[in-house]
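Single-structure report; data block below.
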Amino acid sequence: MSQSHVAPRAGDPEITPALIKEHGITPAEYERVVAMLGRTPTFTEVGIVSALWSEHCSYKHSRPLLRTLPTEAPWVLQGPGENAGVIAVKDGIAVAFKVESHNHPSAVEPYQGAATGVGGILRDVFTMGARPIALLNSLRFGPLSSPRVRYLFSGVVKGIGDYGNCVGVPTVGGEVVFDPSYEGNPLVNAMCVGVLREEELIRAVAEGVGNPIIAVGARTGRDGIHGASFASEDLSEENEAKRPRVQVGDPFTEKLLLEASLELIRSGHIVAIQDMGAAGLTSSSAEMAARGDVGVTIDTTKVPVREEGMTPYEILLSESQERMLVVAHKGREEQVREILARWDLEAAVIGEVIAEPVYRVTEGDRVVAEFPGTRLVTDCPVYTIEAKESTALAEARARDPHAVAPHEEEADPIWTLERLLSSPTIASKAWVWRQYDSMVRTSTIVGPGSDAAVIRLRGTDAGVALSIDGNGRYVALDPRVGGRIAVCEAARNVACSGARPRAITNNLNFGNPTRPEVYYQLANAVAGMGEACRTLETPVTGGNVSLYNENPQGAIHPTPTIGMVGVLDSLDHVTPSAFQVEGDAIVLLGDNTAELGASEYLLRLHGLAIGAPPACDPAAERRLIDALLEAIGHGLVRSAHDCSDGGLAVALAESAMMHRDRTMGFQVDLTDWADLPLRALLFGEAQGRVVISTPTPDALLEVAARIGVPARVIGRVTSAAEGVEFVIGAVSARSAIEPLAKAFHDTIPGIMDGGAPAEHAVATSHAPTTD
Amino acid sequence: MTRFRVAIHIVPRRGILDPQGKAVADALHTLGFASVGDVRVGRHLVLDTDAESAEAARDAVRRMCEQLLANPVTEDFHIATVEPA
Amino acid sequence: MTRFRVAIHIVPRRGILDPQGKAVADALHTLGFASVGDVRVGRHLVLDTDAESAEAARDAVRRMCEQLLANPVTEDFHIATVEPA
Amino acid sequence: MRVGIIRFPGSNCDEDAYHAVVDHLGAEAVFCWHKDHDLQGADLVILPGGFSYGDYLRPGAIARFSPIMQEVVAHAQRGGPVLAICNGFQIACEAGLLPGALLRNAHLRFICEQVHLRVESIATRFTSRYHIGQVVRIPVAHGDGRYTADADTLERLEGEGQVVFRYVDAGGHVTEAANPNASQRNIAGIVNAAGNVLGMMPHPERAVDVRIGSADGLPLLHSLADSLLAEVGA
Ligand SMILES: Nc1ncnc2c1ncn2[C@@H]1O[C@H](COP(=O)(O)OP(=O)(O)O)[C@@H](O)[C@H]1O
Ligand SMILES: [Mg+2]
């Protein structure tokens, strides 16, 4: 067939510059399309291009940067480019994992936005042939004083919980940060981890001429049309109005889809399977075809729809949830249908793999879209923007944090500590994770509330440790260092629980990349992440890019979040973060410094995001991890908790009262560092430090000395009744546990359950339609 | 001031997926109610409020719906009745 | 056969704690709607069904409520409207 | 002893029940599909936790009409033991195997955490291995666990010793704070009048190994095994 048979469809809008612009296609990109096709595109084709060439699907501003990240290691079975990355663990068992963002949908409809984010990442993992075993989430919101923020926060948490709980995958960890920079543009990143046997790994590569393409699962409605390009635009008031129809999640159908998909994969009847995620049918079919370098044809009239009168354009771009695209072996259609029917799911053959090198869409007999070869995917433009640091941020970094005058009350470090413990970013997130089923599947050895979660892998004595971390303020003030820290902190968390960090997935949440200041952040953060990943030998196996996180108030902090997977060869090495036994020595691995810049202390106590973030040396972090793991392997470590937000004092306090019903006390003497500024010593966020409790400090110090990690005994664990005590030369500060524990545990419940309602209406003007 | 009793219906907006409605329809079919078609499941609120007039009560309730009771993105609300309590 | 659209209210039985109603009332007070009194939250179902007559439709829906839609232990149901769809 | 674990669409604690029975009790277990009418010769039936039919409408309301439930009801009527956990408890109430209903938690949120339970009766085939008044730690994970029944039913349950587990604090005291969902009289688990159907919101199958938080659910499984063995012996 020639291309000339593609003709405009009656009733479709005319192709005008305005329409092209509305689809987010630049004039240069439009020319590229016309050149590729040798003619004017049809409306359906414009829709397809706008979806596939959106940032969300094409990574056009980030691909060259992402290519610089390390992706290989002997244990990596699947690197970037598939639905999820996969690493080998032990005895033929592997884990698949990936993180994905649902920032823009969650800003509009927090409950459904977050729920469907969880649904999507679950599908990414089970389409690799892996059974999901754990979910994590990384969340960013504005300050909780705003009713709209409380609405977003409670809706997002409920959405994540309801979806994962219903599907039966435990949510075992995450992080929540509150910072003015995310007001109006919350970040919702969800990570999923699944387990498979190595031989069960399946890839989303279409192949085999004549093989049928089958749509599976929920019917297609008009949900979220243009979700993908919507996620690639600033959230302005204008597009608040042209807001797409919200996708609604149905976790019940997802659970059926999960079971049916795993059964299908294991049945041998299918060649490939992929989630219909962002840009739905279009992106799943085009990407599967491109990976296999084959042609495909799809007939939109065969797609089961939920609503009448849907056009090919709508069917192709719909983002209805809980749908999959499957390529089956020819002649096995019935067997496929039978498996799905057992799970009450529909399947419809909607197309096939063809020899002709084209991506073709028909509406019955009529061709409504046709692209040559796989050029739709491979010809997507790539942009490299000039990078230039924002002068405002460079100036903020240059400011001296030690010049900030302390409040009078800070003379008592306990006062400051209490303020920090009640900062919602530091305070216990139990209010959040109690709403998540963290125990279903009865494999959660360490659930939320610790440095990293630990999940056992049935049939082995091994486990995986999981953590998700990021600090946007560090990245804003120094993207390179911030990128390094994000990876190193995630690795440290995993190591504290007794696991060897093995690989990462990452989510790059940034502003508008066409602005040189944002591109500078993106480029440097990725460079910093790459440096840390290379040194720690934790390659990147996948991830997600979410750009255009801006709103009329400004851009968000550039926020890469790192999902780290570590491996424990034996569950005997699982290490808690909380102090366990009275009388144990407290050892600090790593060293204290005078650094105070970019700290939670400056933000919480002084409202400032200034100064240089703490230095981060990945080689030193690697030594720290090696020493920690060796000590844990020798049974020398009773608990380990890393120093992050709030510094050493907060890490000690958390170790003592992380569990409300099992608090302990401590006495520490930091006189060795008496010459450091007091607030830097206690609240500065110097990297590479871990607080350990141990019955055998000498043996621990010996391991540290051998590996070249600074280590010192700084005190001992006491009973809760003895409270906490800091001695620093002439300074001594004490407190009972209760006021500190109250600050830590009661802050978020106090705000969220304290009676001030969470309102949705603040940002929306809405008239009743049926009143 | 008079006390009014107001009934409000809040239903998922047409075109928005209503998995609950679908599950209920399927269950009714299984129970033998074959002629049941579409089912939508929403919320039914009854509230008492004091106001100068029925119109004032209706206005207040409309604002309550906009600010809190109905989700502006996914739901439509309808003030069904306003009657002296 | 005619297609009817039937609206059903299912409400928690009086005397049964309705925490949702209480939470809504509290939130409305905090938002400044001080004159709101009691609030009850129930379900509002709209379903389409074919029947010979409105009476037959109502009868069928009553059976649906008794068998499935309402929990006889805790809920009361009320068939609010039966109208040709 | 053969355990039949019912699998509804949306069940998600079925595998956990299987592992508890097979790995920790050492008994045999089979899955019974909701569309079938076959309990596969099970001596004990477990209605597992999860979200059958997505919890749409009301938890348990739709699952109750699954074909397999006719067999479960018949098994119960023959005096066969049924252990109904969490969503299983909700289904059992909807199906009339147990009195009362489980309503939305009073704080309106899902809650997952270890709770303390006091064993109120050991004169059941489910609890003979505990001692009376024993305080055990078993996790809950539910959004709709508020046990509610009319006053007469509650009196009867109390009077006949059918209240088996109550939410208590670590010291064994019945307090409001220890009640995770505002269940009436802190009721966490009940048996039917005949004593062969136990419904409970907490998850004993998640409390079978100290490494996952607690092994306090094991005596329940062992009690059941004892009672079945005694029947065979008799
Ligand atoms: N959104 C969330 N979901 C689940 N668990 C969370 C969430 N936020 C925080 N947590 C848990 O709270 C604990 C503390 O988190 P965080 O303060 O980020 O620790 P760290 O600084 O050690 O990374 C971790 O166990 C984490 O998994
Ligand atoms: Mg963190």
Side-chain angles (χ1 to χ4, degrees), chain B residues 1-14 18 20-52 56-57 59-70 75-81 85, chain C residues 1-12 14 18 20-53 56-57 59-70 75-81 85:
Chain B
M1 290 289 241
T2 319
R3 168 137 293 211
F4 292 93
R5 177 155 297 171
V6 183
I8 310 158
H9 305 156
I10 299 169
V11 290
R13 187 165 293 172
R14 291 264 150 198
D18 176 16
Q20 176 153 245
K22 186 172 172 302
V24 170
D26 290 347
L28 288 172
H29 296 156
T30 315
L31 282 181
F33 297 102
S35 57
V36 168
D38 205 33
V39 179
R40 313 282 294 171
V41 181
R43 280 170 294 144
H44 173 74
L45 273 83
V46 182
L47 63 80
D48 291 349
T49 187
D50 296 328
E52 293 296 343
D59 274 356
V61 170
R62 183 177 302 123
R63 276 179 289 121
M64 295 177 204
C65 288
E66 286 166 359
Q67 280 180 56
L68 184 80
L69 303 177
E75 295 175 324
D76 289 325
F77 66 87
H78 172 65
I79 301 174
T81 55
Chain C
M1 290 290 242
T2 320
R3 169 137 293 208
F4 292 94
R5 177 156 296 171
V6 184
I8 310 157
H9 304 157
I10 300 168
V11 289
R14 291 267 149 196
D18 175 17
Q20 232 179 317
K22 188 170 172 308
V24 168
D26 290 348
L28 288 172
H29 295 156
T30 320
L31 282 182
F33 297 102
S35 57
V36 168
D38 204 32
V39 181
R40 308 283 293 169
V41 180
R43 269 192 291 272
H44 176 75
L45 274 83
V46 182
L47 62 79
D48 290 349
T49 187
D50 296 328
E52 292 298 342
S53 65
D59 274 357
V61 170
R62 182 175 304 121
R63 276 179 288 121
M64 294 177 207
C65 288
E66 286 165 359
Q67 281 181 52
L68 175 73
L69 301 179
E75 295 174 325
D76 290 323
F77 66 88
H78 170 63
I79 301 175
T81 55

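Within every chain, numbering begins at 1; the chains are lettered A, B, ... in the order of the sequence lines, protein sequences first and strands thereafter.
Options B:Val41, B:Val61, B:Asp38, B:Asp48 differ in how many heavy-atom pairs under 4.5 Å they form with chain C, and the most are formed by B:Asp48.
For C:Ile8, no part lies under 4.5 angstrom from a heavy atom of chain B. Heavy-atom distances place the side chain of B:Val11, and not its backbone, under 4.5 Å from chain C. Only the side chain of C:Arg3 comes within contact range of chain B, with heavy atoms under 4.5 Å apart.
Residues C:Val24 and B:Leu69 have side chains in contact (heavy-atom distance under 4.5 Å, counting atoms from C-beta outward).
The CG atom of B:Asp50 lies 14.0 Å from the CZ atom of C:Phe33; values are rounded to the nearest 0.5 Å.
Considering B:Val39, B:Val36, B:Leu31 as possible partners of C:Met64, the one that fulfils the side chain to side chain contact (heavy atoms under 4.5 Å, CB included) test is B:Val36.
The two residues B:His29 and B:Ala34 have their closest heavy-atom pair at CD2-O, 4.0 Å.
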